[in-house]
Amino acid sequence: MIEFVLDGRSKVATYMQLVQQVRQALRVGLARPGDQLPKVRDVAQTLAINPNTVLKAYRELELEGLAEGRPGVGTFLVATLAGPSLDNQVELREELVAWLGRARAAGLGADDIRALIETTMRSNQPEMRT
């Protein structure tokens with residue numbers, strides 16, 4: 001099950017942070033069609049946010065065709081964003097986890113790591129620019 005985390009410093013709206021986390025989980029195979037999203041009340045309590053914010057995120061996922069609300073049961077994922085490269089992602093993720101450990105051991109913080117990854121992607125992978 002997805003465990004949402006909010007970045008209070010982000011300029012991205014809270015509900016969109018939730019949507020983005022579901023999209024990312026679907027893209028890397030951590031969430032799959034048929035999985036149930038956490039209950040609105042539970043997410044709201046855990047993150048100390050208004051339940052309407054969670055509802056807005058879940059409605060957005062429904063509009064995108066990624067989720068489906070089932071009255072009295074909950075919200076379930078109905079589509080995936082994982083591509084054919086999903087099988088390769090397991091090994092790459094393990095390598096990335098090891099690299100992150102080395103980066104932290106070298107004294108880099110989360111912001112330093114993000115900056116390094118983002119600038120490297122922009123400068124070395126023109127097709128990855130967003």
**OP:** Scan for salt bridge (charged side-chain N to carboxylate O under 4.0 Å, His left out) pairs involving residues 104-117, sequence neighbours excluded, and state none if there are none.
**Re:** R9-D111, D111-R114
Subject >> Trace of the side-chain contact (heavy atoms from CB on, under 4.5 Å) decision for V54 with L47 >> reply: CA-CA 10 Å; V54 183; L47 300 177; 6.0 Å; no
Original post:
Do the side chain of T119 and the main chain of L116 share a donor and acceptor less than 3.5 angstrom apart?
Top reply: yes
**OP:** Please indicate whether E95 has more than 12 foreign heavy atoms, meaning atoms of other residues, nucleotides or ligands, lying under 6.0 Å from its CD.
**Re:** yes
Subject >> Distance in Å, Y58 OH paired with K39 NZ, rounded so as to fall on 0.5 Å steps >> reply: 9.5 Å
**OP:** Please round to the nearest 0.5 Å and tell me the distance separating atom CD of Q17 and atom NZ of K11.
**Re:** 13.0 Å
Original post:
Is the shortest heavy-atom distance from the side chain of P33 to the side chain of V78 under 4.5 Å?
Top reply: no
Subject >> Heavy-atom side-chain contact between T14 and F4 under 4.5 Å >> reply: no
Original post:
Hey, which of T75, L37, L81, D35 is the one that makes side chain to side chain contact (heavy atoms under 4.5 Å, CB included) with V22?
Top reply: L37
For residues 59-68, please give each side-chain donor-acceptor pair under 3.5 Å, one per line with the distance, not counting sequence neighbours.
unit_1: E62; atom_1: OE2; unit_2: G69; atom_2: N; d: 3.4
unit_1: E64; atom_1: OE1; unit_2: R23; atom_2: NE; d: 3.1
unit_1: E64; atom_1: OE1; unit_2: R23; atom_2: NH2; d: 3.4
unit_1: E64; atom_1: OE2; unit_2: R23; atom_2: NH2; d: 2.4
unit_1: E68; atom_1: OE2; unit_2: R70; atom_2: NE; d: 3.1

Original post:
Can L30 and I2 be said to form a side-chain contact (heavy atoms from CB on, under 4.5 Å), step by step?
Top reply: CA-CA 8 Å; L30 293 176; I2 295 175; over 6 Å; no
Original post:
Closest approach of N50 and A44, non-hydrogen atoms and distance?
Top reply: C-CB, 4.3 Å
Original post:
Taking Q20 for the side chain and Y15 for the main chain, is one N or O donor matched with an acceptor at less than 3.5 Å?
Top reply: no
